[in-house]
Amino acid sequence: MASIVWFLLLLLNIAKSCQGGITSHYVRKMEASMDMPIETFPQPLGDNAPEQVHITQGDHIGRSVIISWLTPMDRFPNTVTYWPAGRQHNHKHKARAVTTYYRYYNYTSGYIHHATIKKLKYNTRYFYELGSHKATRRFSFVTPPEVGPDVPYTFGIMGDLGQTYDSNITLEHYISNRKAQTMLFVGDLSYADHYPLHDNVRWDTWGRFVEKSTAYQPWIWTAGNHEIDFLPEIDEYTPFKPYMNRYHVPYRASQSTSPLWYSIKRASAYIIVLSSYSAYGKYTPQYSWLEQEFPKVNRAETPWLIVLLHSPWYNSNNYHYMEGESMRVMFESWFIENKVDLVFSGHVHSYERTNRISNVRYNITNGQSTPIKDTSAPVYITIGDGGNIEGLANSFTEPQPSYSAFREASFGHAILEIKNRTHAHYTWHRNHDNEPIVADSLWLYNRHWYPEEEHSSASNMV
Ligand SMILES: *[C@@H]1O[C@H](CO)[C@@H](O)[C@H](O)[C@H]1NC(C)=O
Ligand SMILES: *[C@@H]1O[C@H](CO)[C@@H](O)[C@H](O)[C@H]1NC(C)=O
Ligand SMILES: *[C@@H]1O[C@H](CO)[C@@H](O)[C@H](O)[C@H]1NC(C)=O
Ligand SMILES: *[C@@H]1O[C@H](CO)[C@@H](O)[C@H](O)[C@H]1NC(C)=O
Ligand SMILES: [Fe+2]
């Protein structure tokens, strides 16, 4: 009897690994991930020169931008001057920032400025200037097109970046990709908490490190566990203190009560950002907000429904295995009912893409806890492979579960090119290749307008 059971189990296992996806056998050089030294990130020249410049969307529809920066010595000037490119004799506009600073144990931050500039024209390059006299610095960005169902738009996706030599390669590769217009960042920014007393100087160096991208295109922020900075041993009791002081998001525009969860519309996408490290049980603020948020999504206006959160719900790596499970239990049925197209997560320092599957039938007595194919389900992408100091998560569960379509322990980033209401092209780029090389790709079909089954392209058949 027992041997028959074993035999059946064996058969099941073989079947399982046959249905399963691809575990890439790409062989990479395993180098230690080391933080770049502090001297790599000097302050810009000039008295009180503005630094750590970063921008993000400033309202719900993309006509406003939050410009944030830091000045080390003096609170003033705390204004930004901006004007649309191209026209002669343009009137220059000025906006005043809200200025703040914070203390973290014995660290005192510089002056942190957040200026929201409003009523911008769509699809327009704007220049902006910060600082004064010899310390004036000029940057520019392009506003998105007006929200609409067939507006093409290209997003980059990155997570768990940190500030190592590998992080530098990830960022440089991303910047060299000229297509991406906005970054969807899935959390874990600076890894300052890797240092004794969570040395907040490492928040400053991170701000300088990423400026060459964050000053020129919006980064849509998600909070990860390395943003919590909760350290009672030194009386630091306020979770997310450095993160929330430095990175502002337009949460009020989506009726959220916390910067840790919010939504924006951009081009043809509706993007919902959730917090894996804030309460999400029934009756909590995040739960109530999300419950009211889904009915507001109009797929005739924004066909692409994308969710960003830090801790993945579907992850077949041994690292952080099932850490996202309790949130999945709370929210997955809503994702299926509302036909979310894509969920991007970080946290696990490797890359993985799932098939469209769901696991919402289970209750505590029925035993039905196996993910099944579901055409209404999102594709889940784990992209925590930015290159931080903790290194790669290179131990996958075996056999590869049937929900996992492709997985590989390499650093990299992804690009999502939305073409129209039905089609989007998704690619993943590993650091050890040149940027144009695609290590995983898929034509994604919109769940509302064209809910057909997708087929992995040949390029990932390694
Ligand atoms: C903060 O305290 C630590 C440990 O005592 C010390 O090494 C560091 O230099 C101090 N930093 C500042 C800015 O005073
Ligand atoms: C980071 O990358 C850039 C561009 O490739 C390179 O010039 C720079 O030297 C790198 N920084 C470090 C510390 O390796
Ligand atoms: C659990 O699922 C089983 C089988 O689908 C069903 O019969 C039962 O009513 C469910 N229990 C509850 C409390 O919903
Ligand atoms: C949408 O984009 C895809 C991919 O570029 C294209 O094949 C398709 O024809 C487009 N649909 C429409 C209605 O233009
Ligand atoms: Fe994380």
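Whatever order the structure lists ligands and atoms in, that order sets their numbers, starting from 1. Worth knowing before you read on, the calculation uses all heavy atoms, side chains too, and leaves out hydrogens, waters and symmetry mates.
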Residue, atom name and distance, where the atom is the protein heavy atom closest to [atom]:
{"atom": "atom 4 (C) of ligand 3", "answer": "N366 CB, 3.6 Å"}
{"atom": "atom 11 (N) of ligand 2", "answer": "N168 ND2, 2.8 Å"}
{"atom": "atom 2 (O) of ligand 4", "answer": "N420 ND2, 2.3 Å"}
{"atom": "atom 5 (O) of ligand 2", "answer": "E172 CG, 3.7 Å"}

Which atoms from ligand 2 have a heavy atom of [X] less than 4.0 Å away?
{"X": "M36", "answer": "12 (C), 13 (C)"}
{"X": "Y165", "answer": "13 (C), 14 (O)"}
{"X": "T40", "answer": "13 (C)"}

Just one of T397, V348, T354 clears the side chain to side chain contact (heavy atoms under 4.5 Å, CB included) bar with N315, so which one? V348

With distance as the sole criterion, is a donor-acceptor pair present between the side chains of [X] and [Y] under 3.5 Å?
{"X": "N200", "Y": "Y102", "value": "yes"}
{"X": "D199", "Y": "Y105", "value": "no"}
{"X": "D188", "Y": "Y191", "value": "yes"}
{"X": "Y153", "Y": "T182", "value": "yes"}

Atom 13 (C) of ligand 4 touched by protein (heavy atom, under 4.0 Å): no

Is atom 7 (O) of ligand 2 in close reach of the protein, with a heavy atom under 4.0 Å away? no

Within the 4.0 Å heavy-atom shell around N363, which atoms of ligand 3 are there? 1 (C), 2 (O), 3 (C), 8 (C), 10 (C), 11 (N), 12 (C), 14 (O)

Give a yes or no answer on whether the side chain of W289 reaches the backbone of S254 with a donor-acceptor pair at less than 3.5 Å. yes

Just grab all the salt bridge (charged side-chain N to carboxylate O under 4.0 Å, His left out) pairs involving residues 363-390, residues at least two apart or on different chains. K373-E453

